[in-house]
Amino acid sequence: MEAMASDFIQDNCYPHNMFDHYVDDQAFEPYIVVGIDFGTAGTAFAIQLRTDYENNKHEIYYDKYLSRNGRKNSTSLLIRKDNLMPYFGVEAEEKYRRLKDPDDWHFFRHFKMQIYRGRTQQDIDNETLLTAEGGEKVPAVTVFAASLICIKREVDEHLIDAYGSCLEKQKKWVITVPAIWSDGAKTLMRSAAEKAGIESKYLSIALEPEAGAIYYAVTGANPPNDPNRKNDFPVHIGPGSTFMVVDIGAGTVDITTMTIMKNGNIKQIHESDGGPAGGENVDRKFIALVAKLLGEKTWRKFAKESSRKYAQFRESVEAAKKDLKPTKPDGEIDDVLLDIPEEILRDFAREQKETDLASAIRKAGEERMIGCVGIEDGQLCFKADILRRLMDKSVEEILTFIKDVIISETNLRKNIHAVVLVGGFALSDFLYKSIQREIKSVTILRPWSCDKAVLRGAVLFGHNERILSVRIPRLTYGIKSFKPFKSIYPLERKVIIDGKAYVKDYFSKHVTRGQEVHIDEWTTPREYKPQCNSENTSIFIYSSNADSPTYIDEDSCKSIGQLVLDFTRKKGKLNLLEVSFNFGHTELLAKVTHQSSGVSAVGSMRFQSI
């Protein structure tokens, strides 16, 4: 016996098994795949038939908002406080503007990053709360579920119109999440999908940079200077090519590094990295600058009472960020124009007791803003260098993540052939050219329609999850256990159980961070003996950012939660359990064998915080 399993519960605290029903994706070949790129600022879905995937992988249907406007729908939600009648996206924003009884509603805008808690994130679960614009707290699982209800409704309506059925048992759903999200955050998204009516056995969670890598590897996405880019002709890549995908969205920068193997599958060679350094940081700082300039009273009226025009203002900030040149073009006017209604600017002038708008701006502005901001054609006009300074700070953060991975791989004597930029913020020429200027040792590529790369990759992933056959875990995982006591262990950790000495709170490791794991690979089964002979028991799971922690209460270790097992219907005493894990999928899989009966339970993990 390797170790004695820890602190198993004796009562039936959790009447259900905390396994998902796991369906081998090889056994289920969907007729249609629905990919959902759930972003910080924008969300979109795409649909692809199996026949299109087999004949032309570029043949993908996009949702009506992306198809009509070329932009993703806004990640905004309006929901009644009785959890009825949810509205999502632009529809939610427009409905919110016209509300006569706003006290009956919750409104959320760009809420996704509220569940990012840094690298710890051990407290992310179904009890995690999000804050609405009015300050009310709502369970995150409710907010994401309501959003997915709206998206699912639109998907089903399209399928019924096109095929006369929503193809419930023939379609697979793929929802993307950042690679830097915790296991608990992924579980939250799966729980939200279930609440939205998406059966877990027809759902896969995809990591955003991995989806971008799949799109690049499968279709050979091309850089923007290719004259044939509108046709999405492939660039030259093949077996042995190693590339880094940097997904730069509104909320995060997510990095993964892949090698294409001889069989065409993809192998991850460096653990995912990144952080909260997306384009939303620039938006937030720029908008805060405008808000400070206009003053609290005028800004409150604009942001709260003129929501439609405020949305147009935010779009003008996005456009300015996207179109910004790295340096001022010779002989050209280099100003940033923002969409702010003239009546708001007039209110601002009256508040400053000035009749001339330019004078009011000078009066309200700080010394450093004099000469940098004014009025042009009824719009608020900033010198572009102000935005450049804000962009420089964000680019510096992103470059730090990219350079760290390149240096790490160089130290291991691994050559990266290209850095591929995807995501909405990657559309920025300023960002693209700044990265090219700073990183000369590696080719920097930006695929055509890079803002859709993750969405396209999600659909391709849904058709063939095994294309990404090797992954690198970001963390070390293990089980809290009792181990037979030896003299090398501290006496204060010694406990006596059934007359035998054990060391308590031992970290029984099952995988080491940075270790290569294959999609079909299960860790060597380990035997654990429950502390009490009970039909219901829990296995407490921990992660660590250290390679080999000894105890679960070390600073590097975080509690993920517990795997709850119900052996009520199994025959025989619960004397030994065999536990093994699969770390090769997006979500952690577990297999527990009840030795007395020989029955095994296999499924994706559901994490219950403790």
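The main-chain N or O of Ser272 is never found under 3.5 Å from a side-chain atom of Asp254 such that the two would form a donor-acceptor pair. Between the His585 side chain and the Ile519 main chain, a donor and an acceptor come within less than 3.5 Å of each other. When atom types are taken as modelled, the side chain of Asn55 and the backbone of Thr51 share a donor-acceptor pair closer than 3.5 angstrom. Proximity of a side-chain donor or acceptor of Gln268 to a complementary backbone N or O of Ile472 within less than 3.5 Å is detected. Of the possible polar contacts, none joining the Arg456 side chain to the Tyr215 backbone as a donor-acceptor pair under 3.5 Å is found. Within the 3.5 Å criterion, the main-chain N or O of Asp404 finds no donor-acceptor partner in the side chain of Ser408. With hydrogens and angles disregarded, a donor-acceptor distance shorter than 3.5 Å links the side chain of His417 to the backbone of Thr242. Judged by distance alone, the side chain of Gln48 and the main-chain N or O of Glu59 form a donor-acceptor pair under 3.5 Å.
Every residue two or more places apart in sequence or in another chain that forms a side chain to side chain contact (heavy atoms under 4.5 Å, CB included) with Ala41 is listed here: His110, Ala250, Glu280. Residues forming a salt bridge (charged side-chain N to carboxylate O under 4.0 Å, His left out) with Glu318 (at least two apart in sequence, or on another chain): Lys321. Under the rule for a ring-ring contact (aromatic ring centres under 6.0 Å, His included), the partners of Phe144 that lie at least two apart in sequence or sit in another chain are Phe38, Phe111. Taking Thr43 as the reference, Thr75 meet the side chain to side chain donor-acceptor pair (under 3.5 Å) condition, with sequence neighbours excluded. Not a single side chain to side chain donor-acceptor pair (under 3.5 Å) links Lys186 to another residue, sequence neighbours left out. Residues that satisfy the side chain to side chain contact (heavy atoms under 4.5 Å, CB included) test with Asp385, not counting sequence neighbours, are Arg388, Arg389. Under the rule for a side chain to side chain donor-acceptor pair (under 3.5 Å), Asn545 has no partner lying at least two apart in sequence or in another chain. Applying the side chain to side chain donor-acceptor pair (under 3.5 Å) test to Lys57 and every residue at least two apart in sequence or in another chain returns nothing. For Tyr62, the ring-ring contact (aromatic ring centres under 6.0 Å, His included) criterion is met by no residue, not counting sequence neighbours. Partners of Tyr65 according to the ring-ring contact (aromatic ring centres under 6.0 Å, His included) rule, which considers only residues two or more places apart in sequence or in another chain, do not exist here.
Screening residues 420-431 for side-chain hydrogen bond (donor to acceptor under 3.5 Å, both in side chains), with sequence neighbours left out, gives Asp429-Arg446. Pairs passing the salt bridge (charged side-chain N to carboxylate O under 4.0 Å, His left out) check and including a residue from residues 69-78, sequence neighbours excluded, read Asp37-Lys72, Arg71-Glu315.
Inter-residue side-chain proximity for Val246 and Val405 is flagged as unmet; no heavy-atom pair is nearer than 4.5 Å. Using a 4.5 Å cut-off on side-chain heavy atoms (C-beta onward), Val90 and Asn73 make contact. Side-chain atoms of Ser469 and Met261, non-hydrogen and from C-beta on, do get closer than 4.5 Å to each other. By the 4.5 Å heavy-atom criterion applied to side chains, Leu427 and Cys450 are counted as neighbours. You'll find the side chain of Glu210 reaches within 4.5 Å of the side chain of Met258, heavy atoms only. Residues Leu207 and Val177 have side chains in contact (heavy-atom distance under 4.5 Å, counting atoms from C-beta outward). Looking at heavy atoms from C-beta onward, Val282 lies out of side-chain contact with Val317 at the 4.5 angstrom threshold. Using a 4.5 Å cut-off on side-chain heavy atoms (C-beta onward), Met391 and Phe425 make contact.
Atom NZ of Lys285 sits in a crowded spot, with more than 12 heavy atoms from other residues, nucleotides or ligands closer than 6.0 Å.
Side-chain contact annotation: Arg471 with Thr586, donor-acceptor N/O pair under 3.5 Å present. Inspection of the Thr257 and Glu409 side chains reveals no N or O donor paired with an N or O acceptor under 3.5 Å.
By the 30° and 60° cut-offs, the orientation of the rings of Phe302 relative to Phe313 is perpendicular.
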Exercise. Where do Leu445 and Phe243 land on the side-chain contact (heavy atoms from CB on, under 4.5 Å) test, with the steps shown first?
Worked result: CA-CA 10 Å; Leu445 300 176; Phe243 58 98; over 6 Å; no
Exercise. Stepwise, does the side-chain contact (heavy atoms from CB on, under 4.5 Å) test hold for Val218 with Asn464?
Worked result: CA-CA 11 Å; Val218 171; Asn464 178 20; over 6 Å; no
Problem set entry | Trace of the side-chain contact (heavy atoms from CB on, under 4.5 Å) decision for Phe88 with Glu154 | CA-CA 11 Å; Phe88 185 77; Glu154 186 179 341; over 6 Å; no
For this session: Kindly indicate, with the supporting measurements, whether the criterion side-chain contact (heavy atoms from CB on, under 4.5 Å) is fulfilled by Val34 and Lys172.
Result: CA-CA 6 Å; Val34 180; Lys172 186 175 191 175; over 6 Å; no
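Here Asp451 contributes atom CG and Ile248 contributes atom CD1; the two are 12.5 Å apart, rounded to the nearest 0.5 Å. Atoms CG and OG, on Leu399 and Ser394 in that order, are 11.0 Å from each other to the nearest 0.5 Å.
A salt bridge between Glu54 and Arg50 is present, with a side-chain N of the basic residue lying under 4.0 Å from a carboxylate O of the acidic one. Under the 4.0 Å criterion applied to side-chain N and carboxylate O atoms, Lys112 and Glu208 are assigned as salt-bridge partners.
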